[in-house]
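Not measured: the values here are computed from a predicted model.
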Amino acid sequence: MGAALQVTAFGLALLSTLFLLLATSTDCWMVNADDSLEVSHKCRGLWRECVTNMQDGVRTCDQYDSILADHPVKIVVTRTLMITADLLAGLALATLILGLDCITFLKEDPCVKLKMCYGAGVLLGAGSILGLIGSMWYAVDVYMERAMLVSHNIFLGVHYDFGWSCWLGMAGSTGCFVASVLLTCCLY
């Protein structure tokens, strides 16, 4: 029972960590959601903004000036939270690998291996909370920006909606949280 639970938590943690890494590195946190016929598809991310021409599929991306340049608060906070969540989830994954019963590392001391699994669960929990806060912060800010424009009857030609990177960050954070619960609450 314990070994199957560990392997399930490991698989979920691995997949969720990959989701978090993909969400942090991809550039589609916001997509244009204009209802008119568009000739281009626009994505904004944490690191750059990309435009894809729908007719010929050519994609061009503009990198943001510098990491240290003045950026909107939602980008700076989301970058910080997502990078920290990635680091915590990666560290938790490495700790969890060493704590699995099927790995021969520290095989003679099962109490230490159990503590390593518990520690990995705590790290995954912390990373999941930071990832959820980062993803939700960005999503709420996108919604508030859109609501402000609509309430003031301002139409700039394009408005943005949540992109797949934002959803991927939320899914990865939720998966890390579930793996954390499995490791901290259900393993004992």
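- Between atom CD1 of residue I97 and atom CD of residue Q6 there is a gap of 12.5 Å, rounded to the nearest 0.5 Å.
- Interatomic distance, CD of Q63 versus CZ of R48, reported as 5.5 Å (0.5 Å rounding).
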Side-chain atoms of residues 128-143: list all donor-acceptor pairs with protein atoms under 3.5 Å, sequence neighbours left out, distances to 0.1 Å.
unit_1	atom_1	unit_2	atom_2	d
S128	OG	L124	O	3.3
S128	OG	G125	O	2.8
S135	OG	G131	O	3.0

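- When the SG-SG distance for C50 and C61 is compared with the 2.5 Å cut-off, it comes out below that value.
- The minimum heavy-atom distance between T17 and A89, with the atom names listed, is OG1-CB, 3.6 Å.
- Between S165 and D27 there is no side-chain heavy-atom pair separated by less than 4.5 Å.
- Both L93 and M116 are part of a single hydrophobic cluster, where members link through side-chain heavy atoms under 4.5 Å apart.
- The two atoms that bring A179 and A9 nearest to each other are CB-O, 3.8 Å, heavy atoms only.
- Taking all atoms of both residues into account, the shortest heavy-atom contact from V31 to C28 is CG1-SG, 3.2 Å.
- Distance check, rounded to the nearest 0.5 Å: NZ of K42 to OG1 of T52 gives 11.0 Å.
- Hydrophobic clustering (side-chain heavy atoms under 4.5 Å, transitive across Ile, Leu, Val, Met, Phe, Trp, Tyr) keeps V77 apart from M144.
- Separating the CE atom in M82 from the CG atom in L87 is a distance of 11.5 Å, to the nearest 0.5 Å.
- Residues L46 and M30 share a single hydrophobic cluster, defined by chaining ILVMFWY side chains whose heavy atoms lie under 4.5 Å apart.
- The environment of CZ in F10 is crowded: more than 12 heavy-atom neighbours from other residues, nucleotides or ligands sit within 6.0 Å.
- A side-chain contact (heavy atoms from CB on, under 4.5 Å) with L183 is found for exactly one of L123, L5, V178, L96, namely L96.
- Grouped with V7 in a hydrophobic cluster is no other residue, since no side-chain heavy-atom contact under 4.5 Å to another Ile, Leu, Val, Met, Phe, Trp or Tyr is found.
- Residues forming a side-chain hydrogen bond (donor to acceptor under 3.5 Å, both in side chains) with T24 (at least two apart in sequence, or on another chain): D86.
- By the side chain to side chain contact (heavy atoms under 4.5 Å, CB included) test, D62 pairs with no residue at all, sequence neighbours left out.
- Listed by chain and number, the residues in a ring-ring contact (aromatic ring centres under 6.0 Å, His included) with F162 are W167 (sequence neighbours excluded).
- Each of T95, T184, L88 was compared with V122 under the side-chain contact (heavy atoms from CB on, under 4.5 Å) criterion, and only T184 meets it.
- Without hydrogens or angle criteria, W47 side chain to R79 main chain gives no donor-acceptor distance under 3.5 Å.
- Under the 4.5 Å side-chain heavy-atom criterion for ILVMFWY residues, no single connected hydrophobic cluster contains both L22 and W29.
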Review point. Could you walk me through whether T8 and L12 pass the side chain to side chain contact (heavy atoms under 4.5 Å, CB included) check?
Key: CA-CA 6 Å; T8 302; L12 185 59; 5.6 Å; no
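- Here W164 pairs with nothing under the ring-ring contact (aromatic ring centres under 6.0 Å, His included) rule; sequence neighbours left out.
- Between K113 and C117, the closest side-chain pair of non-hydrogen atoms is not below 4.5 Å.
- Minimum heavy-atom separation, S16 to G172: CB-O, 3.3 Å.
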